[in-house]
Amino acid sequence: MSATPSATSLHIVIAGAGPAAQALVRRLAGKSDPRQRPFNGTITVLSNRDECPDALLALAELPQVSVRFGQAASFIDSDAKIVTTVDGMEFAYDQLVIATGSAPALPPVTGASRGLNYSTIDDAGAIGEAVKDVTRIVGRRPLGILVGTGPAAGQAEAVLRARGVRPVRTTLRPAAVVASIAGSALPATGILFEDGSSMNGDLVVLAEERTARNELAESAGLMTAHDGGIAVGRDLATSVPGIWAIGDAASCDGLRLGLLLSAESSAMLCASGLLLGTMGGSLGKAREAQVAA
C-alpha cells in the first residue's frame, strides 16, 4: 500500500516521533511561532511506538499531519523517494527527515531509573528542576555523583556546577544505582560498584555514551560520521539531496547533534531548509506541468 503526494500537495515524511520530530512538526505547522506561515502541504510522521503520548496526539489532530503509530521506517529508496515501513507500507516524499534518535551504548545500569539522565542538551532543564528540589530537601549545596566519560558527561558536569551542585565524577561504571533510605524524598543517593565499594551523595546523574540509530540512513547510502551518526552540514542536510537528519541520530562537527542543539533549535534550523527545499520542488513541479501542457 502506498501514499503518493499529488502534484499540488508537497509531502514531508518524518521518520521518528521523539522530541526533535515533534518540535519540527510544531514548527512546520506554525504552532511554534504564530508569525510563521504554516507549511502548505502534508506531513507524515512514522512512529516506532504503539503508545500515543499526549504531545503526539495533539499534533496528529492537525489537519495537515498524519501520525502512523507502530510504523517504524525500515528502508529508504532515495532514487524513487519512497520510505518503506516494517509492515511494508510505502510513503512517497518530497523531503524526508530522519529523526530516529540514539540508543545507550551499554546495557542499562541496575536501578538507573532512580537517578537522573543526561544524554542531550534538552535534559539540562529537567536536571535543573531536580536540583532545586534536592537543594530544598537537604538545605545546603547538594553533592552530586556523576557517571560518564565522554562529551555528554562533560556537559552534565558543567550543568551541575552552574546549578550549584558539587559534582564528583567517576569514569568507572557502577553495578547499580542505590535507592535512598525508606521515607526519603530523594530517589537515589549513590552508586555501588561490583567490588562492593560505593559512592554516596545527594543525587546521581548518568551521562553515559550513546550510539546513533543509523540503520535507516545506511539503507539510503547516507554518509555517516566517525562517531556513527548521520553526517549533516550546519543546515542539517545529509549527503543525499532532499534528506535531512535531526536530533540524536545526526552528527555535526564530530559531535552528536543532541549535544549541540536543543530540539527546538534543531527544528527551527531544519524547518528553514525544508521550506526552501519544498519551494524548489513546487517550482519544479509547476514547470513539469507547463511542459506537459
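Worth saying up front: this structure is predicted, and the values here are computed from it rather than measured.
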Which pair of non-hydrogen atoms, one from Ser74 and one from Leu216, has the smallest distance, and what is that distance? C-CD1, 3.6 Å

In Å and rounded to the nearest 0.5 Å, what is the CG to CG distance from Leu261 to Leu236? 6.5 Å

Is there a continuous path of hydrophobic side-chain contacts, each under 4.5 Å between heavy atoms, that joins Leu146 to Val178? no

By salt bridge (Lys or Arg N to Asp or Glu O under 4.0 Å) - contacts of Asp123 (at least two apart): none

Are the side chain of Thr238 and the backbone N or O of Ile243 linked by a donor-acceptor pair below 3.5 Å? yes

Qualifying residue, where the test is side chain to side chain contact (heavy atoms under 4.5 Å, CB included) with Arg68 and the options are Thr85, Thr44, Val45: Thr44

In the hydrophobic cluster built from side-chain contacts under 4.5 Å, what are the other members alongside Val109? Leu143, Ile145, Val147, Val168, Leu172, Val177, Ile191, Phe193, Met199, Val204, Leu206

All heavy atoms of Glu90 vs all of Thr84, minimum pair found to be CG-OG1, 3.8 Å

Below 4.0 angstrom, N of the basic side chain to O of the carboxylate: do Asp202 and Arg140 qualify? yes

Just checking, is any N or O donor in the side chain of Ser102 or Arg210 under 3.5 Å from an acceptor N or O on the other one? yes

About how many Å separate OG of Ser266 and CZ of Arg27, when rounded to the nearest 0.5 Å? 11.0 Å

Taking the side chain as every heavy atom from C-beta outward, state whether Leu274 and Leu24 have any atom pair closer than 4.5 Å. yes

If we count only N and O atoms by modelled type, under 3.5 Å, do the side chains of Ser251 and Asp227 hold a donor and an acceptor together? yes

Which pair of non-hydrogen atoms, one from Phe39 and one from Gln64, has the smallest distance, and what is that distance? O-NE2, 4.4 Å

So, does Asp77 use its side chain to make a donor-acceptor pair with the main chain of Asp79 at under 3.5 Å? yes

Quick one, Arg26 and Glu264 - any side-chain contact, counting heavy atoms below 4.5 Å? yes

What's in the same ILVMFWY side-chain cluster as Val86, cut-off under 4.5 Å, chained through other members? none

In Å, rounded to the nearest 0.5 Å, how long is the span from OG1 of Thr120 to CD of Gln155? 9.0 Å

Do Met223 and Ile98 belong together in a cluster built from hydrophobic side chains that touch within less than 4.5 Å? no

Linked, directly or transitively: Leu56 and Val97 (ILVMFWY side chains, under 4.5 Å): yes

Under 3.5 Å, is there a donor on one side chain and an acceptor on the other for Ser197 and Asp195? yes

Give a yes or no on whether Leu10 and Leu62 share a hydrophobic cluster (residues Ile, Leu, Val, Met, Phe, Trp, Tyr; joining criterion: side-chain heavy atoms under 4.5 Å apart). yes

Could you tell me whether the side chain of Asp122 and the main chain of Ala263 form a donor-acceptor pair under 3.5 Å? yes

Hydrophobic cluster membership, Ile137 vs Ile127, 4.5 Å side-chain cutoff: yes

Side-chain donor-acceptor contact under 3.5 Å, Thr171 with Arg169: no

